[in-house]
Every structure is written in structure tokens, then in C-alpha cells.
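Chain A is the first sequence line, chain B the second, and so forth, proteins listed ahead of strands; every chain is numbered from 1.
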Number of protein chains: 2
Amino acid sequence: MNINDLDYFNQLIKQKNFSKVAAAFNVTQPTITMAIKRLEREFNTTLFLRDRVHNELIVTPSGEQLAVHVQTILSELQVAHQELNHLADQHMVLGLPPIIENYYFPKVAAELQRQEILENIQTLAGGSVWLRNALRDGQADVALLGSTEPLAYRTLVAEEFDRQPFNIFVSARHPLATRKRVYFSELKREKFVLFNSSFVHNTAFNKLTRRNHFRPDVVFRATDTHVIMNLVAENVGVTFLTGIVDQHRDDVVRLELLDDEQPAFISSIVTRTSHVLTPMQQRVIQVLRATLEE
Amino acid sequence: MNINDLDYFNQLIKQKNFSKVAAAFNVTQPTITMAIKRLEREFNTTLFLRDRVHNELIVTPSGEQLAVHVQTILSELQVAHQELNHLADQHMVLGLPPIIENYYFPKVAAELQRQEILENIQTLAGGSVWLRNALRDGQADVALLGSTEPLAYRTLVAEEFDRQPFNIFVSARHPLATRKRVYFSELKREKFVLFNSSFVHNTAFNKLTRRNHFRPDVVFRATDTHVIMNLVAENVGVTFLTGIVDQHRDDVVRLELLDDEQPAFISSIVTRTSHVLTPMQQRVIQVLRATLEE
DNA sequence: AGCGACTATCAATATAATTTATATCATCGT
DNA sequence: ACGATGATATAAATTATATTGATAGTCGCT
């Protein structure tokens with residue numbers, strides 16, 4: 001059996017049209033016909049019903065079932081390709097969401113540099129949700145991810161290294177600036193400056209607004225903490241961030257939340273279950289652990 | 001890329017000898033050489049180091065990494081083959097450990113027969129541990145499994161339908177027969193008649209003996225409840241079983257355990273995550289649910 | 001009836017895998 | 001040092017397999 005046939009099959013499941021699949025792979029239409037025939041013979045079953053009456057291609061239960069396996073086979077191959085590329089180049093790709101890159105990574109980088117392995121690390125930036133997929137697809141080998149629940153995915157191994165409460169940040173000129181702690185419900189009338197939706201902050205924030213039954217007035221969304229903090233300082237709105245962000249400014253005040261059952265910002269070191277760590281990668285992970293879990 | 005090449009590669013990882021792999025597949029040795037070359041070109045890397053000095057084949061890190069993926073790919077294909085076979089034959093294979101077959105399945109079978117789908121079900125007997133692997137490898141499509149902990153495996157979905165405490169059964173002539181409840185520690189000096197090690201009962205039993213710091217005197221092990229019960233009735237020893245076993249005899253007395261934190265016999269309906277249920281299979285599972293979860 | 005959108009069939013051709021035969025390389029025994 | 005042995009590699013010939021190009025079949029639509 002040839003991987004090509006699986007590729008063709010996979011596309012046919014999606015496109016449901018032999019000719020279009022052929023075009024997509026730059027081969028002629030009979031090629032696809034033959035490929036599917038080969039698979040049908042190999043598995044001794046019918047995978048598609050060519051319904052000429054309604055002019056549509058119907059996937060049989062066998063076809064549906066095979067499609068599931070073919071998917072994992074193809075993605076497994078894709079991951080293998082990427083992993084072996086990284087191995088050949090002697091580098092590893094470390095996924096880092098901006099917040100973690102800003103507030104945890106400097107410490108790590110210093111140690112990695114001391115051990116002369118920083119040069120072997122390529123970082124990949126992106127929101128935690130996006131990075132989780134990149135990790136699954138083999139684009140990244142290791143990632144530091146934020147989440148509001150402990151990460152539990154089939155294909156990933158996560159090791160929690162920190163858990164931070166979320167805080168509210170307001171301008172020093174804001175009425176709440178004299179407080180140390182607030183209930184989330186006290187923020188019903190506030191304007192918010194927040195991260196955009198690729199950040200876990202939003203999951204947590206949404207949980208809290210839903211629990212407190214209000215629709216927040218979000219006046220701006222950004223992807224950069226400093227932009228958000230500057231807006232907060234200008235009293236454009238208040239924000240919702242972890243305590244780990246920059247606190248070295250006197251024009252912004254941090255307030256703790258008094259609510260019970262607050263969501264937490266959980267940071268984890270995550271790898272694929274299928275990933276075999278090289279000695280270099282093991283050292284990197286050990287540095288991550290040693291530096292982050294303290 | 002050809003699946004054959006992956007097969008050859010997989011064997012070579014295990015056997016570390018080109019000629020032997022060739023022999024195993026009934027092909028000539030250059031075939032293997034070429035197959036590995038193709039893979040090395042495809043992945044643009046070296047998979048094996050041919051160490052002629054020490055006359056051994058060394059797997060490179062890339063080789064190790066690829067091996068992991070090749071394994072899952074091949075097993076995925078194997079599962080696909082079996083599943084499609086079952087689909088074509090319009091049957092499903094239901095894994096049943098003997099205890100569950102005896103004490104839960106009769107009810108289920110009656111209902112399945114009423115719905116005329118019993119004929120489509122092939123049962124596969126075996127211990128819960130063995131059946132778990134059979135399910136993973138595609139030999140079974142659905143299984144009812146016993147366990148002492150909730151089942152949580154990457155590739156399997158489990159749905160608990162019952163949880164039973166374990167009980168002690170003694171002969172009516174036994175000194176403890178007048179009691180209703182005992183502590184497990186009171187059984188230190190007893191002789192035991194038990195199931196053999198392919199049953200989860202053992203896991204639970206061992207937990208209790210360890211917790212109570214004693215080495216049980218096991219005088220006999222069997223695979224059949226009735227054999228065990230007959231021996232207990234004859235006062236050969238006492239036994240440790242779930243309460244669901246046959247209680248319609250007056251020569252044996254059931255005692256509950258008074259211990260805190262007792263292990264439980266958890267019964268679950270288990271399927272593969274990758275398995276697509278046909279309408280027939282869905283009906284079967286619905287019958288299982290309806291009959292068992294009540 | 002004829003056209004358009006699909007899929008199947010088949011002989012010819014192109015591509016790829018396997019075999020057969022032989023070469024290379026390192027080791028071991030004498 | 002020499003030849004035998006066990007292992008993998010190489011190259012040409014052979015065999016097997018995939019793809020193409022041309023064409024035919026089927027159905028709906030107008």
C-alpha cells in the first residue's frame with residue numbers, strides 16, 4: 001500500500017469529487033479512481049458509493065472509519081517529517097506565548113546561554129491555543145503553555161510549573177486605586193482593555209463574567225501587555241491579567257480578586273507523547289524545570 | 001512512500017540485521033537496503049549507522065524518533081483492517097471478562113435478542129487486562145471491562161456503569177458465618193480461595209493485604225466462580241469477590257467489609273476513541289447502557 | 001437529442017521495487 | 001599473510017505497479 005493512495009483517499013473524503021482531487025494533486029482523474037480501487041481491494045470493502053442519481057459521492061461506514069485512521073496516519077507522518085528535520089538541524093523549536101516569553105523566558109534564556117544551548121533553540125510565538133496545535137502537528141517540539149485548566153490531551157504530556165491568580169489592573173487615577181482587593185462583580189460598570197481571543201486570559205475572563213452575569217464593556221483588545229498597560233495607565237479602561245506582568249510602574253495599581261473559585265493561570269511545560277527527547281532536548285527541559293519550578 | 005518500507009524499517013529496528021529482516025519478509029537482502037535508503041532520502045537523514053568495526057547496527061536518534069511514529073502508523077493500519085473486516089461482516093466483537101459475562105451479560109443478551117441484534121455480536125472472552133489490549137489492537141470493538149480504578153487511557157473511552165464493593169464469602173459452617181460485617185484485618189489467619197491473576201479481583205485483594213500488612217495464605221486459585229464457591233462451601237477457605245456473584249445458596253454466607261477506603265469493582269463500557277460506531281453498534285451500546293445503568 | 005459533469009475502463013507508457021549477481025569491508029582462524 | 005565468513009552495498013535486468021491518454025458510460029438538464 002502506498003501513502004499516496006491514503007493522501008488521495010483523504011482528499012476524496014473531503015472533496016467528494018474524483019476529478020477535483022486529481023486536479024489538487026496534479027494527476028489525472030483515473031489515477032484517483034485506481035487509487036481508491038486499490039484501497040477497496042486491500043481492505044476488501046466498498047469505501048464510496050458513486051450515487052449517479054443524485055450526482056453525489058456517498059462515504060460508506062467503512063469509508064468513514066478508514067478516514068479516521070488515515071487522518072492519524074497522515075498527521076503522524078507529517079509530525080515525523082518535522083521532527084526529523086529539527087533533529088537534522090540540531091535545533092528544537094520551543095513554543096512560547098508572548099506573556100510567558102516576556103515574564104518567564106528571560107530567566108530561562110540566561111541559563112540556557114550559560115550552558116551554550118540557547119543557540120540550538122528556535123522559538124515559535126503564538127497564543128496558547130494556537131501553539132497547542134503547532135505542538136500536536138510537529139511544528140514545535142516543546143512548548144510553555146498557559147491554560148486555565150490542567151492540560152490533559154491524548155497526544156501531549158504537560159508538566160505544570162506555576163499557577164498564578166489573575167489580577168485587576170487599574171490606573172492610579174481610578175477610583176478603585178485606593179483598594180487592595182475587589183470582587184469581580186464590582187467591575188460591572190467598568191470599561192475593559194483586554195488581550196485578544198488567542199490568549200487564555202479570555203477563557204478565564206469569560207468564566208468570571210458569565211458567573212457574575214454581566215456583559216463586559218470591552219473598549220479595546222491588544223496582543224501586547226505594554227500596550228494594554230499604557231491604556232490602563234491613561235485610564236482608558238481597566239484590565240485583567242496575571243500578577244506576573246510588569247509591576248514596576250507607579251501609574252498602574254494591581255488589585256487582587258476576592259472571589260472564591262477563581263480561575264488560575266496555569267503554566268506548563270508541554271511535549272508530544274510521541275516525541276523522543278535527544279540529550280540536548282533533555283538538557284533544555286531540565287533547565288526549564290530547574291529555572292521555572294522554584 | 002510505501003507501507004512496506006515502514007514494515008521493513010520497523011523490523012530492522014527490532015532485529016538490527018538487514019539479512020534477517022529480508023528473510024522474515026521472504027525478500028532478498030538488497031530489498032531492505034533499498035527500502036531504508038528510500039526512507040533516508042525521504043526524510044533526508046541517516047536512520048542507521050552501519051558500524052562494521054563492532055559489527056552492529058546502531059539506530060540514530062532520528063531512527064529512534066521515526067520508529068515511534070512508524071509503530072503507531074502500523075498499528076493504526078492493523079486496527080483499520082480489523083475494524084473494516086468487522087464492518088463488512090456486519091458484526092461487532094464484544095470483549096467480555098468471564099465475571100461480567102456471567103453476571104451482567106444475561107440481562108443484556110435477552111434485550112439484544114429481543115431487538116434481533118444478538119446474532120451480530122461476537123463475544124471475545126478474556127481477563128480485563130488482556131481484553132484492554134485486544135480492544136486497543138482492534139480485535140474487539142467494544143468491551144465491558146472491570147477495573148479497580150476508573151479507566152483512563154489515551155486511546156480508549158470508558159463509561160462506568162456500575163461500581164460494586166468487594167465482599168467476603170465464608171462457609172455457613174465457618175465461625176464468621178454469624179457475622180454480617182468484618183474488617184479485612186480480621187482475616188489474617190484465614191485460608192483463601194481466589195481468582196487467578198488475570199482478574200482485577202487480585203489487584204484489589206493485594207491492595208487490602210498490603211494495607212493490612214499480611215501475607216495471605218492462598219490455598220487455591222481458580223478461574224470459575226462456581227468452583228470457588230463450592231470450595232468455600234466445603235470450608236476449604238474463604239474468598240474475596242464482588243457482591244454480584246451468585247447468592248442463591250444457603251451453604252455460603254456473604255460478609256461486607258467495614259474498612260474505610262475499600263477498593264471497588266468498577267464496570268465500564270469501553271470503546272476505542274478512533275472507532276466510528278455504526279447504527280447497529282450504537283444500538284448495541286444503547287442497550288448496554290439502558291440495561292446496565294439502572 | 002445533445003450537452004455537461006462525473007466516473008470507469010483499458011492499452012500504452014512511465015516509474016518504481018525486487019531480484020540476481022557481484023563487490024566491498026572488517027574480522028577471525030590458521 | 002591468506003582465505004573463509006558474515007555483513008551490507010551496488011548495478012543491471014526483470015518484474016510489478018502507477019499513471020496517462022483516449023474513450024466510453026451514466027445521469028440530469030434543457
Side-chain angles (χ1 to χ4, degrees), chain A residues 1-60 62-64 66-67 70 73-74 77 81, chain B residues 1-60 62-64 66-67 70 73-74 77 81:
Chain A
M1 198 198 315
N2 204 302
I3 298 290
N4 270 345
D5 288 358
L6 299 184
D7 257 322
Y8 297 156
F9 171 78
N10 189 44
Q11 270 304 114
L12 187 56
I13 287 280
K14 287 178 185 156
Q15 303 224 34
K16 307 243 196 309
N17 179 311
F18 282 65
S19 312
K20 283 180 188 157
V21 172
F25 284 99
N26 271 312
V27 294
T28 57
Q29 167 265 312
T31 304
I32 311 301
T33 300
M34 292 306 194
I36 300 304
K37 270 199 166 174
R38 280 192 292 271
L39 288 179
E40 295 192 318
R41 190 146 41 83
E42 163 94 26
F43 287 98
N44 189 30
T45 189
T46 310
L47 297 170
F48 297 94
L49 298 175
R50 288 73 164 177
D51 180 353
R52 295 190 142 146
V53 182
H54 305 90
N55 199 16
E56 59 184 347
L57 199 61
I58 295 163
V59 185
T60 65
S62 297
E64 300 278 9
L66 184 57
V70 167
I73 288 172
L74 294 179
L77 269 177
H81 258 110
Chain B
M1 197 198 317
N2 204 300
I3 299 291
N4 270 344
D5 289 357
L6 299 185
D7 257 320
Y8 298 156
F9 171 79
N10 189 43
Q11 270 304 113
L12 187 56
I13 287 280
K14 287 178 185 155
Q15 303 223 36
K16 307 244 197 303
N17 179 313
F18 282 65
S19 312
K20 283 181 189 155
V21 171
F25 285 99
N26 269 311
V27 294
T28 57
Q29 166 265 313
T31 304
I32 311 302
T33 300
M34 291 309 197
I36 300 304
K37 269 198 169 177
R38 280 192 291 272
L39 288 179
E40 295 192 319
R41 189 146 40 85
E42 163 94 26
F43 287 99
N44 189 30
T45 188
T46 310
L47 297 170
F48 297 95
L49 297 176
R50 289 74 163 177
D51 180 352
R52 292 188 139 151
V53 181
H54 305 90
N55 200 14
E56 59 185 347
L57 199 61
I58 296 163
V59 185
T60 65
S62 297
E64 300 279 10
L66 184 58
V70 166
I73 288 172
L74 294 179
L77 269 177
H81 259 110

How close or far is atom [atom2] of [N] from atom [atom1] of [X], stated in whole angstroms?
X: Glu56(A); N: dA5(C); atom1: CD; atom2: C1'; result: 14 Å
X: Asn2(A); N: dT19(D); atom1: CG; atom2: P; result: 7 Å
X: Asp5(A); N: dT17(D); atom1: CG; atom2: P; result: 12 Å
X: Asn4(A); N: dA16(C); atom1: CG; atom2: P; result: 10 Å
X: Glu42(A); N: dT17(D); atom1: CD; atom2: P; result: 12 Å
X: Gln15(B); N: dG6(D); atom1: CD; atom2: C1'; result: 16 Å
X: Met1(B); N: dA18(D); atom1: CE; atom2: P; result: 15 Å
X: Glu40(B); N: dT8(D); atom1: CD; atom2: P; result: 13 Å

key: Per Thr28(B) side chain, nearest of listed nucleotides dT7(C), dT19(D), dT19(C)   =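 Selected nucleotide: dT19(C).
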Would you tell me if any nitrogen or oxygen in the side chain of [X] comes within less than 4.0 Å of OP1 or OP2 on [N]?
X: Arg38(A); N: dT17(D); value: no
X: Asn17(B); N: dG6(D); value: no
X: Ser19(B); N: dT8(D); value: yes
X: Asn26(B); N: dT18(C); value: no

message = So, taking the atom named CG in Leu39(A) and the one named OG1 in Thr46(A), what distance separates them when rounded to the nearest 0.5 Å?
response = 12.5 Å
query = Out of curiosity, Asn10(A) CG to Ile73(A) CD1, how far, rounded to the nearest 0.5 Å?
reply =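 One finds 10.5 Å between CG of Asn10(A) and CD1 of Ile73(A).
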message = Does Tyr8(B) reach a base, just sugar-phosphate, or nothing at all? Heavy atoms under 4.0 Å.
response = sugar-phosphate
task = Would you check if there is a donor-acceptor pair between the side chains of Gln29(B) and Thr33(B) at a distance under 3.5 Å?
result =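 A pair is found: one side chain offers a donor N or O, the other an acceptor, under 3.5 Å apart.
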query = How about Lys20(A): does its NZ atom have over 12 heavy atoms from other parts shown lying under 6.0 Å from it?
reply =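 No.
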request  = Sequence neighbours left out, what passes ring-ring contact (aromatic ring centres under 6.0 Å, His included) with Phe18(B)? Give chain and number order.
outcome  = none
ask   = Between Thr45(B) and Thr60(B), is any pair of side-chain heavy atoms under 4.5 Å apart?
value =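 Not in contact.
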inquiry  = Going by salt bridge (Lys or Arg N to Asp or Glu O under 4.0 Å), name the pairs with one or both residues in residues 31-49 of chain A, residues two or more places apart or in two chains.
reply    =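 Checked against salt bridge (Lys or Arg N to Asp or Glu O under 4.0 Å) - neighbours excluded - the pairs reaching residues 31-49 of chain A are Asp5(A)-Arg38(A), Glu40(A)-Arg50(A).
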Pick out the pairs of N or O atoms, protein on one side and nucleotides 9-13 of chain D on the other, that lie under 3.5 Å.
| unit_1 | atom_1 | unit_2 | atom_2 | d |
| --- | --- | --- | --- | --- |
| dA9(D) | OP1 | Arg50(B) | NE | 2.8 |
| dA9(D) | OP2 | Thr33(B) | OG1 | 3.4 |
| dA9(D) | N7 | Gln29(B) | NE2 | 3.0 |
| dA9(D) | N6 | Gln29(B) | OE1 | 3.1 |
| dT10(D) | OP2 | Lys37(B) | NZ | 2.4 |

